[in-house]
Amino acid sequence: MQFTKQLLSWLPMFFLLALATGCEREDFDIANNTDFPPSILSSFPSANGRVVAGDFDVRVIFADGTVSPLASATVTLMDSAMNVITTQSRDLTGIQDSLVIEGSSFGAADLAVGVYNLDISVTDAKGQTTETAFTFEISNLPYPANHDAIFIAGAFNGWGADPLTLVSDNIWEIQNVDLQGEAWKLKNCADWCDEDWGDAQCNGFMVSNFADGGNGDTQCGYSGLVNIRFNDQTLSYSVTPAVSYASNTQSLYLLGTFNNFEGSEYQFALVDDNRWVLEEVLLTPGDQFKMAEMPDFQGINYGDNENDGIAERYGSNIVYPDTEAEGYYSITFNDRSLAYELTFLRPAAPESVGIIGDATPNGWDSDTDMTDEGNGVYTITIELTDGVVKFRANDNWDLNWGGTEFPNGTAVVNGGDIPVVAGKYKVTLDINNLTYSFQEDAGIASIGLVGDATPGGWDNDTPLTDNGDGTWSALIGLGTGSAKFRANGNWDVNWGAGDFPSGTGTQGGADIPVTAGIYLITLNPVTGAYSFTPASIGIIGDATPGGWDADTDLTLNPDVMGEVSGQITLTDGEAKFRANDAWDYDWGGSEFPAGTAAFKGPNIPVTAGTYTVRFNVNTLAYNFDE
């Protein structure tokens, strides 16, 4: 299915949302400016800007409201010692007007490199005046820019200083750099003597080290040979594959109702001369969007006024028709011809997903429907025979997935039949990540954690609790070592992986490397997803310094697995232990100064004194030692 010019020709009339309106920087909202002092919309040279040495004109644009239109303006150019080079005054009219001093009238081409001053004054018909004064620089740089030099430094070059080249107004570029997936920054001098920039958020905009809170390194996973462009005015930047493709825009983003017309999530890639491609976006009937040079509307944006598949600069929003179903599309855009095209990829969310094939109970005649677990994950426990299977959506072959591997593999759209060995399996298909698994189902009555990092070692499971929502969890103190999850106290069904503190375990997978600590541990046996979330343990009660309002946290004992301790002055009263400053996990007991706590047990009676308090989350033993 192609969403082409033919389809676009019958789109409904587009309306420009105020949220999405992009405008030239020199445009002005005249309708709302009825009786304000006059405004200086723009000037060239600009404040603190740079002008390339040679002939240039001084240009200033003014605006005002209809109630008090423009009357007159004066512009004065001076050198660094405030000696007047030229000054010009003229009468203005209307709600927008300009004053231009031609470079030939004051010998602009002969002015020396250096700092200059510009004074601007404008008055309206009511005598209201606006004035400004600023400096700018005449530079030997080939284009205007805010800095004399820009360098890149990072792990790839030992945090040295590779120079960028000024290639157009405020745009610096370096080509054929391999960032190696590591951290990097830009800076304006080779030895970190002044300003540097980083993008810790990976949102396409650099942050200065002079900003509130400073900045961080740019570590966004870029690797392979790339070209980097940086705008030292807007602080936007782009990292693109080092291929010599022509383009009329520095970068391209899709902005729409699906991301509040802001953000870098949907960034196009330049794949050929002037041809940009966004691989995938989910469109819902009524969605409105534009292509934009930046992840907001500060730069040029492209809409479509005629609904004909040819965009216009600052055109109306493009609307995805109400008559179309929700689905995933790729979008191509030519920044020279301004032609764009949407290509259908697949439906958004199938009404149903099933498993079918001669290995299934229904053979090739009908699907056995799977359970929608949400987020594109479908599961089923099913008895299979030797044979082959496939997955398909909506009981037809328009959208189906196959593969070549068993019991785990990559789901391929319209792929081959998956070979299956007879058995009872928990089958999982993830249509977002395009993976599937056939996990032998031995009937899970219990799940435990086992390994040399656990209290029971490799011989005895530390049990997890069935939460009733498909997940199992427990709060456990662990040592440094290895662990795995297993079902029913044996190795017929087990989960492991090489990732910590979270990952996706697979049947018979690797041992999980564990660092000592107390963790809230969770496993989803269907998907294999697990997490080890660090937990704090504290003591609370009217006998403690924080009363019943705040925990007094205890410190992990590195020598005793699962034990925490702390020296605390207590008063007569009661106390309990709990995790993470909440009542999901708490323990109490009836004995003092030592005993064995119970989950959700009674308050512990406490006698006033200063104690070394110890509590072990594994054994539940507690002590109050004076």
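Keep in mind the model is a prediction, meaning the values are calculated, not measured.
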Distance in Å, Tyr116 OH paired with Ser80 OG, rounded so as to fall on 0.5 Å steps: 7.5 Å
Asp199-Tyr237 side chain donor-acceptor pair, cut-off 3.5 Å: yes
Rounded distance [0.5 Å steps], CG in Leu166 versus CD1 in Ile150: 9.0 Å
Glu326, CD atom: more than 12 neighbouring heavy atoms under 6.0 Å: yes
Asn117-Asp79 side chain donor-acceptor pair, cut-off 3.5 Å: no
Atom of Asn140, atom of Ala53 and distance for their closest heavy-atom approach: OD1-CB, 4.1 Å
Validation row: Val52, Leu141 side chains within 4.5 angstrom (heavy atoms): no
Donor-acceptor pair between Asn157 and Asp162 side chains, under 3.5 angstrom: yes
Heavy-atom closest contact (Gly546 atom, Thr552 atom, distance): N-OG1, 4.2 Å
Heavy-atom donor-acceptor pair, Tyr245 side chain to Val271 backbone, under 3.5 Å: yes
Stepwise side-chain contact (heavy atoms from CB on, under 4.5 Å) check, Lys187 with Phe151: CA-CA 5 Å; Lys187 54 186 179 179; Phe151 302 88; 3.9 Å; yes
Distance-only side-chain donor-acceptor flag, Ser238 / Thr240, under 3.5 Å: no
Check: Asn301 side chain, Met291 main-chain N or O, donor-acceptor pair, under 3.5 Å: no
Donor-acceptor contact below 3.5 Å, side chain Thr480 vs main chain Ala516: yes
Tyr302-Tyr340 side chain donor-acceptor pair, cut-off 3.5 Å: no
Donor-acceptor contact present, side-chain Ser330 to main-chain Glu280, <3.5 Å: no
Gln201 CD: over 12 foreign heavy atoms closer than 6.0 Å: no
Atom pairs and distances, side-chain donor-acceptor, residues 54-63, under 3.5 Å, sequence neighbours left out:
residue : atom : partner : partner atom : Å
Asp57   : OD1  : Gly103  : N            : 2.7

Side-chain donor or acceptor of Thr165 paired with backbone N/O of Val167 under 3.5 Å: no
Sub-4.5 Å side-chain heavy-atom contact between Val281 and Ile331: yes
Side-chain donor-acceptor contact under 3.5 Å, Asp287 with Thr257: yes
Smallest separation among heavy atoms of Val514 and Ala483, with atom names: CG2-CB, 4.0 Å
Heavy-atom donor-acceptor pair, Ser39 side chain to Leu41 backbone, under 3.5 Å: no
Leu99 and Thr74, any side-chain heavy atoms less than 4.5 Å apart: no
Sole candidate of Tyr320, Tyr329, Tyr266 that passes ring-ring contact (aromatic ring centres under 6.0 Å, His included) when paired with Phe258: Tyr266
Under the ring-ring contact (aromatic ring centres under 6.0 Å, His included) test, residues paired with Tyr253 that sit two or more places apart: none
Side-chain donor-acceptor contact under 3.5 Å, Asp335 with Asn274: yes
Exercise: do Glu173 and Gln175 side chains pair donor with acceptor under 3.5 Å: yes
side-chain contact (heavy atoms from CB on, under 4.5 Å) between Val51 and Phe44, intermediate numbers included: CA-CA 9 Å; Val51 175; Phe44 181 86; 4.1 Å; yes
Distance-only side-chain donor-acceptor flag, Glu195 / Asn188, under 3.5 Å: no
Within-4.5 Å side-chain heavy-atom neighbours: Leu77 and Gln88: no
Nearest heavy-atom neighbours spanning Gly505 and Ala497: CA-CB, 4.1 Å
Evaluation steps, side-chain hydrogen bond (donor to acceptor under 3.5 Å, both in side chains), between Asp217 and Trp184: CA-CA 6 Å; Asp217 296 340; Trp184 57 282; over 6 Å; no
Short side-chain donor-acceptor distance under 3.5 Å, Thr76 and Thr87: yes
Short side-chain to backbone donor-acceptor contact, Asn259 and Phe261, under 3.5 Å: yes
side-chain contact (heavy atoms from CB on, under 4.5 Å) assessment of Thr249 paired with Ser251: CA-CA 6 Å; Thr249 182; Ser251 54; 5.6 Å; no
Met294 side chain reached by Thr234 side chain, heavy atoms, under 4.5 Å: yes
Set of ring-ring contact (aromatic ring centres under 6.0 Å, His included) partners for Tyr519, sequence neighbours left out: Phe500
Check: Leu92 main-chain N/O paired with Asp97 side-chain donor or acceptor under 3.5 Å: no
Between CD on residue Gln128 and CG on residue Asp64, distance to nearest 0.5 Å: 7.0 Å
Euclidean distance, Ile318 CD1 relative to Asn307 CG, rounded to 0.5 Å: 9.0 Å
Criterion side-chain contact (heavy atoms from CB on, under 4.5 Å) on Leu235 and Val207, from CA distance to verdict: CA-CA 7 Å; Leu235 302 189; Val207 176; over 6 Å; no
Close side-chain approach of Gln250 to Leu270, heavy-atom, < 4.5 Å: no
CA sep, side-chain torsions, deciding dist, call: Asn146, Gln233, side-chain hydrogen bond (donor to acceptor under 3.5 Å, both in side chains): CA-CA 7 Å; Asn146 289 339; Gln233 176 71 25; 2.6 Å; yes
Residues Asp178 and Tyr222: side-chain donor-acceptor under 3.5 angstrom: no
Face-on cation placement of Arg578 at Trp583 ring, 6.0 Å and 45° thresholds: yes
Under 3.5 Å side-chain donor-acceptor pair for Trp197 and Asn209: no
Rounded distance [0.5 Å steps], CG in Leu554 versus CD1 in Ile537: 8.0 Å
Between Thr522 and Thr471: side-chain donor-acceptor atoms closer than 3.5 Å: no
Minimum side-chain heavy-atom gap Leu186-Asp196 below 4.5 Å: no
CG-OG1 distance between Asn580 and Thr533, expressed to the nearest 0.5 angstrom: 8.5 Å
Donor on one side chain, acceptor on other, Asn305 and Ser316, under 3.5 Å: yes
Beyond-backbone contact of Ser46 with Phe134, side-chain heavy atoms, under 4.5 angstrom: no
Aromatic ring proximity Phe344/Tyr328, centre distance under 6.0 Å: no
Closest contact, heavy atoms only, Ala183 versus Gln219: CB-OE1, 3.8 Å
